[in-house]
**Student:** 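My questions all concern the structure below.
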Amino acid sequence: VPGTDLIWRAPTESDHGRVVAVLGPWWGGRDLSHLLPRLFFQHFTDTSTVVEDVDGTLAAFLIGFRSAARPEVAYIHFVGVDPARRGQRLGQSLYQDFFTRMRDAGCTAVHAVTSPVNTTSLAFHLRLGFTPAPSSTVRDGVPVHLDYDGPSQDRVVLTRPL
Ligand SMILES: CC(C)(COP(=O)(O)OP(=O)(O)OC[C@H]1O[C@@H](n2cnc3c(N)ncnc32)[C@H](O)[C@@H]1OP(=O)(O)O)[C@@H](O)C(=O)NCCC(=O)NCCS
């Protein structure tokens, strides 16, 4: 596990504000706060992780859960790593920890969705063994699901066996 100085723990409701506060800086200025409402820090804490340094400064986080309707499926909703800590396999470690826990719980697949503009996220997911679901629309070699999350909200749909 990279960064032995780092503490991994389940989030609590009081972490919501500090995680939302890093979304803008960590996502290059995109305002994504509407995608991470407080409910994730109330109802999905047991399958999510926050990573912080000894001073309590947020280093990374993963918000994920087991599907309520399809218990064989796990879903990763959000992952973020402090830009100063990227490229050190922290994101990969968070994913691998989630994969292990969900496999142990009985899940056979993990799903995630990303935006086609987020080429870093796409490279990261492909490297971690995700496959994009086919689509009749292919852009730059990537299958894109048009209007997936609403008008003009195009997405790449990713799955990986566990
Ligand atoms: C995507 C993100 C979580 C990756 O975290 P990270 O800790 O830097 O990634 P890792 O070091 O674990 O990288 C694992 C693999 O992903 C790939 N990867 C990661 N960042 C990449 C980049 N910028 N370009 C290309 N490939 C990349 C690499 O192949 C890497 O494997 P390698 O080290 O063997 O080369 C991080 O860049 C981030 O927080 N981005 C902003 C938030 C975001 O877009 N989140 C995803 C959508 S919710």
Side-chain angles (χ1 to χ4, degrees), residues 2-3 6 8 11 15-45 47-52 57-70 73-99 101-102 107 109-162:
L6 297 176
W8 291 44
D15 289 311
H16 174 248
R18 51 205 290 267
V19 172
V20 165
V22 302
L23 295 183
W26 288 14
W27 263 257
R30 291 170 73 198
D31 179 13
L32 301 170
S33 54
H34 59 289
L35 295 179
L36 207 53
R38 181 175 284 263
L39 71 89
F40 285 102
F41 294 79
Q42 296 168 325
H43 302 291
F44 299 99
T45 52
T47 50
S48 299
T49 303
V50 294
V51 182
E52 55 195 10
T57 305
L58 199 63
F61 66 90
L62 181 151
I63 306 296
F65 54 88
R66 188 176 187 186
S67 170
R70 297 175 60 189
V73 173
Y75 186 87
I76 297 179
H77 179 57
F78 246 74
V79 63
V81 173
D82 181 342
R85 293 186 181 273
R86 288 189 192 159
Q88 300 171 28
R89 309 256 162 84
L90 191 47
Q92 179 174 309
S93 299
L94 276 167
Y95 266 51
Q96 283 169 346
D97 174 67
F98 182 78
F99 295 164
R101 292 195 287 149
M102 293 300 100
C107 296
V110 56
H111 293 192
V113 164
T114 196
S115 168
V117 302
N118 195 340
T119 51
T120 299
S121 172
L122 192 58
F124 173 76
H125 283 93
L126 295 180
R127 171 73 173 170
L128 288 185
F130 286 81
T131 305
S135 173
S136 51
T137 302
V138 177
R139 282 197 206 132
D140 299 327
V142 179
V144 176
H145 296 255
L146 300 176
D147 302 329
Y148 184 85
D149 270 329
S152 301
Q153 300 296 312
D154 306 340
R155 299 288 183 264
V156 181
V157 177
L158 298 154
T159 64
R160 180 195 191 279
L162 284 178

**Student:** Compare every heavy atom of Leu94 with every heavy atom of Leu62, then report the nearest pair and how far apart it is.
**Tutor:**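 Reported closest heavy-atom pair: CD1-O, 3.6 Å.
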**Student:** Nearest 0.5 Å, what's the CZ-OG1 distance between Arg66 and Thr47?
**Tutor:**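 It is 10.5 Å, given to the nearest 0.5 Å.
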**Student:** Return all side-chain donor-acceptor pairs below 3.5 angstrom for residues 122-132, not counting sequence neighbours, or 'none' if the list is empty.
**Tutor:**
{"unit_1": "His125", "atom_1": "ND1", "unit_2": "Ser121", "atom_2": "O", "d": "2.8"}
{"unit_1": "His125", "atom_1": "ND1", "unit_2": "Ser121", "atom_2": "OG", "d": "3.3"}
{"unit_1": "His125", "atom_1": "NE2", "unit_2": "Tyr95", "atom_2": "OH", "d": "2.6"}

**Student:** Using the rule given for side chain to side chain contact (heavy atoms under 4.5 Å, CB included), can you reason through Gln96 versus Arg89, listing the C-alpha separation, both sets of side-chain angles and the distance that settles it, and then say yes or no?
**Tutor:** CA-CA 10 Å; Gln96 283 169 346; Arg89 309 256 162 84; over 6 Å; no
**Student:** Please check if the number of heavy atoms outside Tyr148 that lie under 6.0 Å from its OH is greater than 12.
**Tutor:**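 For Tyr148, atom OH is not crowded (no more than 12 foreign heavy atoms under 6.0 Å).
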**Student:** Give me each pair satisfying salt bridge (Lys or Arg N to Asp or Glu O under 4.0 Å) with a member in residues 149-162, each pair once, sequence neighbours excluded.
**Tutor:**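 Pairs touching residues 149-162 that pass the test: Arg139-Asp154, Asp149-Arg155.
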**Student:** Using side-chain hydrogen bond (donor to acceptor under 3.5 Å, both in side chains) as the criterion, list what pairs up with Gln92, not counting sequence neighbours.
**Tutor:**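 With neighbours one apart ignored, the set is empty.
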**Student:** State, without any angle test, whether Asn118 and Thr120 hold a side-chain donor-acceptor pair at a distance under 3.5 Å.
**Tutor:**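 There is no such pair (donor and acceptor under 3.5 Å, judged by atom type) between the side chains of Asn118 and Thr120.
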**Student:** With sequence neighbours excluded, what pairs up with His16 under the ring pair (Phe, Tyr, Trp, His ring centres under 6.0 Å) test?
**Tutor:**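 So His16 forms a ring pair (Phe, Tyr, Trp, His ring centres under 6.0 Å) with Phe41.
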**Student:** Start with the C-alpha gap between His111 and Arg70, add the side-chain angles, then the distance that decides, and say whether side chain to side chain contact (heavy atoms under 4.5 Å, CB included) holds.
**Tutor:** CA-CA 11 Å; His111 293 192; Arg70 297 175 60 189; 4.2 Å; yes
**Student:** Of all the heavy-atom pairs spanning Leu35 and Phe78, show the shortest one and how long it is.
**Tutor:**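 The answer is CB-CE1, 3.6 Å.
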**Student:** Which value, rounded to the nearest 0.5 Å, describes the distance between Glu52 atom CD and Leu6 atom CG?
**Tutor:**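 Reported value, rounded in 0.5 Å steps: 9.5 Å.
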**Student:** What pair of heavy atoms forms the shortest contact from Ala84 to Gln88, and how long is it?
**Tutor:**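 Shortest heavy-atom separation between Ala84 and Gln88 comes out as O-NE2, 3.8 Å.
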**Student:** Can you sort out the partners of Arg38 under side-chain hydrogen bond (donor to acceptor under 3.5 Å, both in side chains), two or more places apart, ordered by chain and number?
**Tutor:**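 Arg38 satisfies side-chain hydrogen bond (donor to acceptor under 3.5 Å, both in side chains) with Glu13 only.
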**Student:** Under the rule for side chain to side chain contact (heavy atoms under 4.5 Å, CB included), what residues qualify as partners of Ser152, not counting sequence neighbours?
**Tutor:**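 Residues passing side chain to side chain contact (heavy atoms under 4.5 Å, CB included) with Ser152: none at all.
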**Student:** Would you please name every residue forming a ring pair (Phe, Tyr, Trp, His ring centres under 6.0 Å) with His43, sequence neighbours left out?
**Tutor:**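 Partners of His43 under the ring pair (Phe, Tyr, Trp, His ring centres under 6.0 Å) test: none.
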**Student:** More than 12 heavy atoms of other residues, nucleotides or ligands under 6.0 Å from CG of Asp140: yes or no?
**Tutor:**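 No, because the 6.0 Å sphere around CG of Asp140 holds 12 heavy atoms or fewer from other groups.
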**Student:** Over all heavy atoms of both residues, which pair between Ser135 and Pro143 is shortest? Give the atoms and the distance, please.
**Tutor:**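 Reported closest heavy-atom pair: N-CB, 3.6 Å.
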**Student:** Side chain to side chain contact (heavy atoms under 4.5 Å, CB included) for Val113 and Leu158? Distances and angles first, verdict last.
**Tutor:** CA-CA 6 Å; Val113 164; Leu158 298 154; over 6 Å; no
**Student:** Distance check, rounded to the nearest 0.5 Å: Leu36 atom CG versus Phe61 atom CZ?
**Tutor:**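 Taking CG in Leu36 and CZ in Phe61, the distance rounds to 6.0 Å.
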**Student:** Considering residues at least two apart in sequence or located in another chain, which fulfil the side-chain hydrogen bond (donor to acceptor under 3.5 Å, both in side chains) criterion with Arg30?
**Tutor:**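 Arg30 satisfies side-chain hydrogen bond (donor to acceptor under 3.5 Å, both in side chains) with no residue once adjacent residues are dropped.
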**Student:** Hey, what do you get for CZ (Phe98) to CD1 (Ile63), rounding to the nearest 0.5 Å?
**Tutor:**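 Interatomic distance, Phe98 CZ to Ile63 CD1, rounded to 0.5 Å: 10.5 Å.
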**Student:** Test of understanding: with salt bridge (charged side-chain N to carboxylate O under 4.0 Å, His left out), list the residues that count as partners of Asp82, not counting sequence neighbours.
**Tutor:**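 Asp82 satisfies salt bridge (charged side-chain N to carboxylate O under 4.0 Å, His left out) with no residue once adjacent residues are dropped.
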**Student:** Starting at OG1 of Thr45, measure out to CG of Asp15 and round the result to the nearest 0.5 Å.
**Tutor:**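 One finds 10.0 Å between OG1 of Thr45 and CG of Asp15.
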**Student:** Which atom pair, heavy atoms only, marks the closest approach of His145 to Ala133?
**Tutor:**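 What the structure gives for the nearest pair is NE2-O, 3.2 Å.
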**Student:** Taking all heavy atoms of Thr49 and all of Pro11, pick out the closest pair and write down the distance.
**Tutor:**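 That would be N-CD, 3.8 Å.
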**Student:** Please enumerate all residues that pass side chain to side chain contact (heavy atoms under 4.5 Å, CB included) together with Arg86, with sequence neighbours excluded.
**Tutor:**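 If we apply the side chain to side chain contact (heavy atoms under 4.5 Å, CB included) test to Arg86, skipping adjacent residues, the hits are Trp26, Val81, Pro83.
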**Student:** For Ser93 and Trp8, run side chain to side chain contact (heavy atoms under 4.5 Å, CB included): C-alpha distance rounded to whole Å, both residues' side-chain angles, the deciding distance at 0.1 Å, then the answer.
**Tutor:** CA-CA 11 Å; Ser93 299; Trp8 291 44; 3.8 Å; yes
**Student:** Excluding sequence neighbours, so at least two apart, what forms ring pair (Phe, Tyr, Trp, His ring centres under 6.0 Å) with Phe65?
**Tutor:**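 In terms of ring pair (Phe, Tyr, Trp, His ring centres under 6.0 Å), with neighbours along the sequence ignored, Phe65 is linked to Phe44, Tyr75.
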**Student:** Can you tell me how far apart CD1 (Ile76) and OG1 (Thr114) are? Round to the nearest 0.5 Å.
**Tutor:**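 So the gap between those two atoms works out to 11.5 Å.
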**Student:** My understanding is that only residues two or more places apart in sequence, or in another chain, count here; which of them pass side-chain hydrogen bond (donor to acceptor under 3.5 Å, both in side chains) with Ser67?
**Tutor:**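 Residues passing side-chain hydrogen bond (donor to acceptor under 3.5 Å, both in side chains) with Ser67: none at all.
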